[in-house]
Number of protein chains: 2
Amino acid sequence: MPKVGMEPMRRKALVDAALRVIGDHGSLSVTMSEIARKAGVSPALAHHYFGSKEQLLIETIRSLLKQLRDDAVTALKAAPTPRARLSAVISVSFHADQFAPQTIAAWLAFYAEAQRSEETRRFLVIYARRLRSNLLANLKPLCPVDVAEHIAEGVAAMIDGLYIRQSLGSTPIGAEASIALTEDYVTIQLDRHPASLSEAGAAPSSGLSGHLLPEGRRESEPKHRKDI
Amino acid sequence: MPKVGMEPMRRKALVDAALRVIGDHGSLSVTMSEIARKAGVSPALAHHYFGSKEQLLIETIRSLLKQLRDDAVTALKAAPTPRARLSAVISVSFHADQFAPQTIAAWLAFYAEAQRSEETRRFLVIYARRLRSNLLANLKPLCPVDVAEHIAEGVAAMIDGLYIRQSLGSTPIGAEASIALTEDYVTIQLDRHPASLSEAGAAPSSGLSGHLLPEGRRESEPKHRKDI
DNA sequence: TAATTTTGATTGACTGATCAATCAACAAAA
DNA sequence: TTTTGTTGATTGATCAGTCAATCAAAATTA
């Protein structure tokens, strides 16, 4: 029953299947056959559309990152104040899809892969920068710049750490407790270092930082890179 | 030049080689041949002594954990007060050997492996519990118990998170900055919640918590498990 | 001491399984 | 008939694990 216009559907099915298989297996050492089977097609077709296993894996992490970005954009648009946006960033990190064991396992597998694959590392660096940028943009109106950077590092580390601890499945502090822990960190840090007058009114109108919007390239980066 | 009594030397050489190869490669997908070559023996010998690749890998993570424990014991013995012991725990986590890129890469690889290997997960859970236990034991004299648990979770998450962020190699905050960030978290949390009178004098005499000393089994755990 | 047997250490060569990747061929739509 | 989708069969490479054989030290015996 082959029709024309199958390509986008097949690609999506294969990427989704790859994500599920990787999440279940907890590793990138999964076979094209298994992915293809889960997607309901033959292994040969996976190669036909993606050319190589590596390419399919790249598309898979790209999709993982896109999902996270979309969630973040939605949550940030609904938050009116910098402080609310900070909470939105934290909340999104621990919400449902992202904090599911399989998704966490997939993230972890990609972190490991980043040690070998330049392309994979690039994507994870983008995630790290985006998180930092989102935090920083909304911290700056609330405290001095150097303090904002300090807090941003701390929050980002805590989020990633809670992820990795969750991956072990022992002492499972849930999503709510994770959010509470991170929020508490932000709160007490901000209490310590109240905003200076000069930066109190400098909040950007949209609250969406540069890294979130479809972005023009920053000067220091190489060009000819496909955006996620 | 075969002599008698080679076994312990060969085992150590192979485990060390495995750690180096895994660290360089950033993955457990390394061949027995490569490990054996780095150890200066034939692949067959590695199988002869360890029986299987999995077993060699298990011994490898065991050695990684032992190294960390030894460092912690040394540092804790030299620290006189609970607060100093907290600093020691933090400091050890980021010190030299442990924070080297290859070592971090190896840890990460084992975290990923833990998704599949029950045995590997067990070791990482032990690490997590030990860290938590060390923190908790030295926090309890300094603040209320429930707060101590809260802080311990936060510190542990932050340490692990700083590790994983370090593994990406982007925005490399160094060991010192990582220590400062974590110390700062402990300090402001303790400032917030001063010790209640009832627990002020309850510090254990040695400061070495149960998880650190060669330990009797806790009741809730399965028996017949070799200790690390 | 000299001759031997035993034992542990070590390897090269081989096997069987797995898997990514390829290709020739076919089916259905355009 | 050309284009797009699809697969079964196959290939070539990689690897964990096995095995029989070798070698040298130690133990035993003569």
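Chain identifiers are assigned alphabetically (A, B, ...) following the order of the sequence lines, protein sequences preceding nucleic acid strands; residue numbering begins at 1 within each chain.
- Ion pair Asp16(A)/Lys12(A) flagged as a salt bridge, since at least one NZ, NE, NH1 or NH2 atom sits closer than 4.0 Å to an Asp/Glu carboxylate oxygen.
- Heavy atoms of other residues, nucleotides or ligands lying less than 6.0 angstrom from CD of Glu7(A) number more than 12.
- Going from atom CD of Gln55(A) over to atom P of dA21(C) covers 11 Å, rounded to whole Å.
- Of the N and O atoms on the side chains of Glu183(B) and Ser87(B), at least one donor lies less than 3.5 Å from an acceptor on the other residue.
- Listed by first and then second residue, the side chain to side chain donor-acceptor pair (under 3.5 Å) pairs involving residues 101-114 of chain B are Asp24(B)-Gln102(B), Gln98(B)-Trp107(B), Glu113(B)-Arg116(B) (not counting sequence neighbours).
- Rounded to whole Å, atom C1' of dT6(D) lies 12 Å from atom CG of Leu14(A).
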When every nucleotide of nucleotides 7-18 of chain D is labelled 5' to 3' by its protein contacts under 4.0 Å (heavy atoms), B for base, S for sugar-phosphate only, - for none, what sequence of letters results? BB------SSBB

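- Looking only at distances, a side-chain donor or acceptor of Lys53(A) sits under 3.5 Å from a matching main-chain atom of Val30(A).
- The environment of His95(B) atom NE2 is sparse: at most 12 non-hydrogen atoms of other residues, nucleotides or ligands sit within 6.0 angstrom.
- Atom CZ of Arg37(A) and atom C1' of dC19(C) are 12 Å apart (whole Å).
- The distance between atom CD of Glu34(A) and atom P of dC19(C), rounded to the nearest whole Å, is 9 Å.
- No engagement by Phe50(A) is indicated, since no non-hydrogen atom pair under 4.0 Å with the nucleic acid exists.
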